[in-house]
Amino acid sequence: MKGYDHRKIEKKWQDKWLREKIYLTDEGDKKPKSFVLDMFPYPSGEGLHVGHVRVYTASDVYSRMKRMRGYRVLHPTGWDAFGLPTENYAIKNKMPPQKVTKENTDTFRRQMKLLGLSYDWEREINTTDPSFYKWTQWIFLQLLKKGLAYESYEPILWCPSCKTGLANEDLDGNECERCGTVVEKRPMRQWVLKITDYADRLIDDLDLLSEWPLAFREAQRNWIGRSEGAVIKFPISNSQFPIEVFTTRPDTLFGATYMVLAPDHNLVSGLKDKITNWNEVEKYVVSAGKKTEIERTAEGKDKTGIELKGIKAINPANKEEVPVFIADYVLKEYGTGAIMAVPAHDERDYEFAKKFNLPIVKVIEPSFTQTTDPGKVVEGLPVEDREAIIAIVKHWSEDKYIALKWKSVAWVTFITGGIEEGQTAEEAAKMEIMEETGYLNPELTDDFGTLHGKFYHVPKKVNRFAHASTLVFKLKNSERKEVSEDESKMHEVIWLNKDELAKFLTPDSHQRALEILNGKEMYAGSGLLINSGQFNGMESPEAKKEITEFIGGQMKTAYKLRDWVFSRQRYWGEPIPVVHCEKDGVVPVPEAELPILLPEVKFYEPTGTGESPLAGIEAWVNTTCPKCGSPAKRETNTMPQWAGSSWYYLRFIDPQNNKTLIDPKKEKDWMPVDVYVGGAEHATRHLIYARFWHKFLKDIDIVSTDEPFTRLESVGLILGEGGIKMSKRLGNVVNPDDIILTYGADTLRLYEMFIGPFSQASVWNMKSIIGPRRFLEKVWRVAEKIGDGELSDETAVLLNQTIKKVGEDIEVFKFNTAISQMMILLSSFESDKIVTKESFESFLKILSLFAPHITEELWEDLGHTSSIHSEPWPKYDESKLAGDTCTIVIQINGKVRGSFVVPVGSDDEAVKKEGLGHESVQKWLGGVDPKKVVYVKGKLVSIVT
RNA sequence: GCCCGGGUGGCGGAACUGGUAUACGCGCACGACUUAAAAUCGUGUCUCGCAAGGGAUGUGGGUUCGAUUCCCACCCCGGGCACCA
């Protein structure tokens with residue numbers, strides 16, 4: 001028989017599949033649908049890399065299984081082809097970007113076909129194709145119509161190297177995500193999309209995405225960064241304009257001892273004539289504006305700022321005058337661009353106050369509720385308030401402190417106790433020190449105020465809310481009397497240093513006491529109010545509402561998410577379809593005139609002036625106003641690279657439609673995407689933008705679902721040998737073409753699926769590829785053993801198990817274990833004398849997902865004239881998933897001491913008895929009667945002595 | 001600092017709902033075939049020990065007859081966010 005020649009086989013079948021169009025989407029609606037999508041590639045000049053192969057093979061394997069299981073599967077691909085790399089390459093090599101794109105997509109398509117991927121190539125799309133971007137422009141017009149696209153002149157992020165404005169999402173730290181250049185701020189006209197209008201829905205609907213990795217949902221939640229708080233007005237003493245601040249801690253309002261505005265806050269210049277040190281202020285504003293993000297980060301937490309002399313704000317809670325500062329630790333874009341500073345309860349304000357010698361007023365006494373055992377508050381039991389003390393007692397000569405180790409419960413605490421009628425806290429504390437430790441001469445050295453703790457007092461069996469005055473003592477000497485028997489029964493006195501205290505102290509309130517002891521005055525948690533007039537004694541959550549109401553503030557939600565800066569001053573993108581008319585202002589291009597074609601030009605270098613290269617093409621720029629007919633100019637900015645990818649998945653459903661974006665019937669039929677496969681780098685960019693557009697399209701009735709992607713599977717990076725990133729610079733990039741040539745596409749596909757858990761990063765290893773190749777060669781050889789006869793029992797069981805396991809594993813993207821199971825089955829085939837045709841065909845069918853070419857060839861050799869890829873998924877026999885016998889393990893005191901074999905379905909008692917009678921039991925027990933015998937059905941007998 | 005992952009042989013990794021840790025693959029060693037090599041096949045391969053047996057899933061504790069798996073504390077690696085009031 002002929003040998004396994006992958007080159008011949010793979011070419012033969014790829015041609016045939018294309019010719020016979022076996023992978024076109026089944027549009028019959030009798031079958032259930034499955035829309036399996038991978039994140040379509042950006043066709044770079046580098047061609048496909050092994051990371052692409054991993055994603056595309058996974059979705060291909062999944063799609064193939066779904067088809068075999070009777071689904072009609074939509075599995076398309078296309079090109080996300082607008083964008084800077086292509087444009088830059090085009091400039092460098094003096095080629096039109098259109099041509100570069102054509103060449104790159106040709107390469108990608110060729111490589112994808114070499115992999116034997118089962119895409120429906122008749123649905124291929126390209127974001128740079130006018131018939132596609134017509135609809136990208138159309139969506140923009142709808143956004144404009146709804147007021148969700150607007151022009152802005154706010155300073156934006158600008159990449160001096162790419163010569164274009166950027167969105168927040170295009171940053172990698174302080175650098176341009178594309179080219180690594182440090183970005184600047186630059187005031188210029190730009191188009192912005194109001195994604196913040198959708199912030200709440202984008203967060204709330206994350207709850208619908210239970211089939212997304214938690215990490216993606218959390219990343220988005222984080223990025224959107226919602227926080228609930230209040231807007232509070234602080235009047236300015238000699239101006240009618242108040243300062244508005246946003247705070248999440250209105251409960252600390254009485255502790256606001258100064259205010260801070262962002263340096264670029266509008267009020268700063270508005271108050272110019274009142275500010276007596278204007279020269280200095282102006283200097284600070286200018287230098288803050290010049291400071292790059294990188295300089296600010298380098299300065300870390302060293303706060304800078306300057307007081308606005310001549311003006312004072314009035315704290316609306318206590319009517320006290322407080323100074324007003326500007327400082328660059330306050331950001332203009334967040335909240336209201338101004339804060340009330342509460343140094344006692346905010347770390348940043350605390351640092352600033354320390355540096356500028358500002359008053360620090362405590363208004364919150366820390367309060368803690370025990371949430372873990374021992375001491376978790378018992379629901380339903382009343383809570384007793386108790387005036388108490390915490391005494392921290394220092395050694396007379398060493399840096400050690402007394403702790404009590406409780407005997408009836410796993411607690412380590414400082415000395416605690418109640419305050420009796422008529423006692424001061426100090427008296428109570430001294431009494432407790434003497435009673436609980438016997439030491440006679442403590443001297444009060446410090447008072448940490450009151451700490452509150454709600455917990456279940458285990459020995460006393462009550463819920464307590466202890467309000468403990470926390471006092472620090474030092475022992476004058478070691479003089480000590482005997483401790484009473486009752487006390488020594490309750491706890492043991494131990495001496496601990498600060499590190500040990502941090503490790504062992506159980507209650508949170510005592511840990512807080514230790515923090516103060518270590519000099520950490522600032523407390524940012526919640527608690528009970530003090531120094532807050534009529535609100536004293538109230539707990540933080542309640543005080544937030546009450547105080548906000550009291551001073552007439554408004555509850556408000558703030559977001560970290562910014563509106564999406566949507567214009568780029570570059571050539572290779574979708575033209576924004578509006579014109580500027582002197583009389584009518586911004587006028588949208590009528591929908592009938594779409595697409596606004598990107599003109600072919602000689603020069604498309606970025607100008608760097610804030611205008612795109614399109615501005616230089618007069619014939620294109622000059623047009624007439626659709627409204628009044630007078631001369632007007634076209635918008636010359638283009639859309640960012642993320643535009644097309646924000647809705648492309650919809651177009652696959654109806655790629656040829658030239659009347660509407662998508663036929664509503666088809667949309668309802670295929671949406672949502674059932675499985676979306678791609679990389680984690682898109683968690684906060686593409687996936688937020690696409691969800692935003694999708695929700696907008698839902699609002700204008702283009703789509704019918706709230707979310708576009710039901711399930712998301714994230715691919716792990718493939719690292720170069722040695723666990724380092726693959727890069728051109730390091731010369732460790734693996735080209736799939738080379739692997740396909742040497743080992744074949746089937747081997748490459750198997751290798752990449754076998755390399756490790758799909759979502760986890762894996763290391764490429766050239767040596768290991770031989771494993772999957774040997775496996776396929778073995779498959780080829782085993783095919784020759786097909787003959788008449790019976791399958792061995794063992795192989796028959798394995799075959800059933802394999803069909804079951806491979807199906808289940810692929811459903812949850814556990815490709816590596818599916819392959820290992822097929823390897824085990826193949827070994828069993830190999831060691832048998834005879835392999836039956838039927839069983840081998842079942843094996844070929846499941847293997848065909850991973851290795852479509854070799855299985856198709858062997859299938860044909862077995863006499864079939866139709867494709868193996870149109871076969872249904874093999875069935876397994878439930879009754880043959882296990883053999884006739886099972887091995888029972890004997891454990892004695894938790895250690896494995898032997899095993900024996902029993903028929904499946906044996907009587908429990910009989911097996912137990914046989915286990916107890918086993919020779920190893922005799923040996924290890926030595927005649928002693930077992931205390932306990934545990935039998936786990938079909939698995940083990942565990943004997944305890 | 002905060003939020004997610006992850007830590008198991010020489011390497012990639014497996015282990016169901018707590019039930020024989022190290023499946024499968026690579027590598028390595030030895031053997032068979034061969035004049036020889038490659039390929040292939042077979043055997044072995046966590047560790048200490050001659051053996052009986054002991055130890056080992058990042059570290060330390062806990063729960064359990066039994067823990068890679070559950071709980072607590074900590075360490076290390078990767079990723080995301082980061083002066084967000």
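Labels below follow one simple rule: chain letters A, B, ... track the order of the sequence lines, proteins then strands, and each chain is numbered from 1. Values below: all heavy atoms of this structure, side chains included; hydrogens, waters and symmetry mates excluded.
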Gap between atoms [atom1] and [atom2], on [X] and [N] respectively (whole Å):
X: A:Ile718; N: B:C11; atom1: CD1; atom2: P; result: 20 Å
X: A:Ile770; N: B:C28; atom1: CD1; atom2: P; result: 12 Å
X: A:Met340; N: B:C83; atom1: CE; atom2: P; result: 20 Å
X: A:Gln760; N: B:C4; atom1: CD; atom2: C1'; result: 14 Å
X: A:Glu333; N: B:C83; atom1: CD; atom2: P; result: 11 Å
X: A:Phe775; N: B:G25; atom1: CZ; atom2: P; result: 10 Å
X: A:Phe758; N: B:A14; atom1: CZ; atom2: P; result: 14 Å
X: A:Lys937; N: B:C16; atom1: NZ; atom2: C1'; result: 18 Å

With the side chain of [X] defined as its heavy atoms from C-beta on, choose the nearest nucleotide among [options].
X: A:Val896; options: B:C4, B:U20, B:G25; answer: B:U20
X: A:Pro757; options: B:A85, B:U20, B:G13; answer: B:G13
X: A:Thr248; options: B:G25, B:A23, B:A85; answer: B:A85
X: A:Ser762; options: B:C26, B:G13, B:C3; answer: B:G13
X: A:Asn222; options: B:C24, B:G80, B:C41; answer: B:G80
X: A:Thr817; options: B:C83, B:C26, B:A15; answer: B:A15
X: A:Val936; options: B:C83, B:G19, B:G13; answer: B:G19
X: A:Arg897; options: B:C41, B:G54, B:U40; answer: B:G54
X: A:Lys767; options: B:C26, B:A23, B:G12; answer: B:C26
X: A:Arg774; options: B:G27, B:G54, B:C24; answer: B:G27

Which part of the nucleic acid does [X] contact within heavy-atom distance under 4.0 Å: base, sugar-phosphate only, or nothing?
X: A:Lys778; result: sugar-phosphate
X: A:Ala341; result: nothing
X: A:Lys560; result: base
X: A:Asn816; result: sugar-phosphate
X: A:Glu830; result: sugar-phosphate

[N] and [M]: how far apart are their [atom1] atoms, nearest whole angstrom?
N: B:U68; M: B:G9; atom1: P; result: 14 Å
N: B:A29; M: B:U64; atom1: C1'; result: 42 Å
N: B:G5; M: B:A51; atom1: P; result: 44 Å
N: B:G27; M: B:U17; atom1: P; result: 33 Å
N: B:G58; M: B:A52; atom1: C1'; result: 32 Å
N: B:C65; M: B:U20; atom1: C1'; result: 15 Å
N: B:U69; M: B:C24; atom1: P; result: 24 Å
N: B:C26; M: B:G60; atom1: C1'; result: 35 Å

On RNA chain B, does the nearest nucleotide to A:Gly225 precede the nearest nucleotide to A:Ser768 from the 5' side, or the other way round? Give the residue.
A:Ser768

Return the 5'-most residue of the pair A:Ile755, A:Met823 with respect to RNA chain B, ranking by each residue's nearest nucleotide.
A:Ile755

Phosphate contact ([N] OP1 or OP2) by [X] side-chain N/O below 4.0 Å:
X: A:Arg221; N: B:C3; result: no
X: A:Ser227; N: B:A85; result: yes
X: A:Lys814; N: B:A15; result: yes

Each nucleotide in nucleotides 64-70 of chain B should get exactly one letter: B, S or -. Can you fill that in based on protein heavy atoms under 4.0 Å?
-BS----

Should [N] form a Watson-Crick or G-U wobble pair with both distances under 3.5 Å, which nucleotide is its partner?
N: B:A29; value: B:U43
N: B:U17; value: none
N: B:G12; value: B:C24
N: B:G1; value: B:C81
N: B:C70; value: B:G62

CD of A:Glu154 to CD of A:Glu333: how many Å apart, nearest 0.5 Å?
8.5 Å

Atom CG in A:Leu209, atom CG in A:Leu214: separation rounded to 0.5 Å?
11.5 Å

Count the heavy atoms belonging to other residues, nucleotides or ligands that lie under 6.0 Å from CD of A:Gln554, then report whether that count exceeds 12.
no

Counting only heavy atoms not in A:Glu794, do more than 12 fall under 6.0 Å of its CD?
no

Looking only at the aromatic ring of each residue, does the gap between the centers of [Y] and [X] stay below 6.0 angstrom?
X: A:Tyr258; Y: A:Phe356; result: no
X: A:Phe368; Y: A:Phe455; result: no
X: A:Trp764; Y: A:Tyr751; result: yes
X: A:Phe813; Y: A:Phe815; result: yes

Which residues satisfy the salt bridge (Lys or Arg N to Asp or Glu O under 4.0 Å) test with A:Arg226, sequence neighbours excluded?
A:Asp200, A:Asp204

Syn/anti state for B:G9 [syn: chi within 90° of 0]
syn

Would A:Asn222 and A:Lys560 satisfy side chain to side chain contact (heavy atoms under 4.5 Å, CB included), going step by step from the backbone distance to the final call?
CA-CA 8 Å; A:Asn222 231 312; A:Lys560 288 202 291 188; 4.0 Å; yes

With sequence neighbours left out, the residues meeting side chain to side chain donor-acceptor pair (under 3.5 Å) with A:Ser227 are A:Tyr334

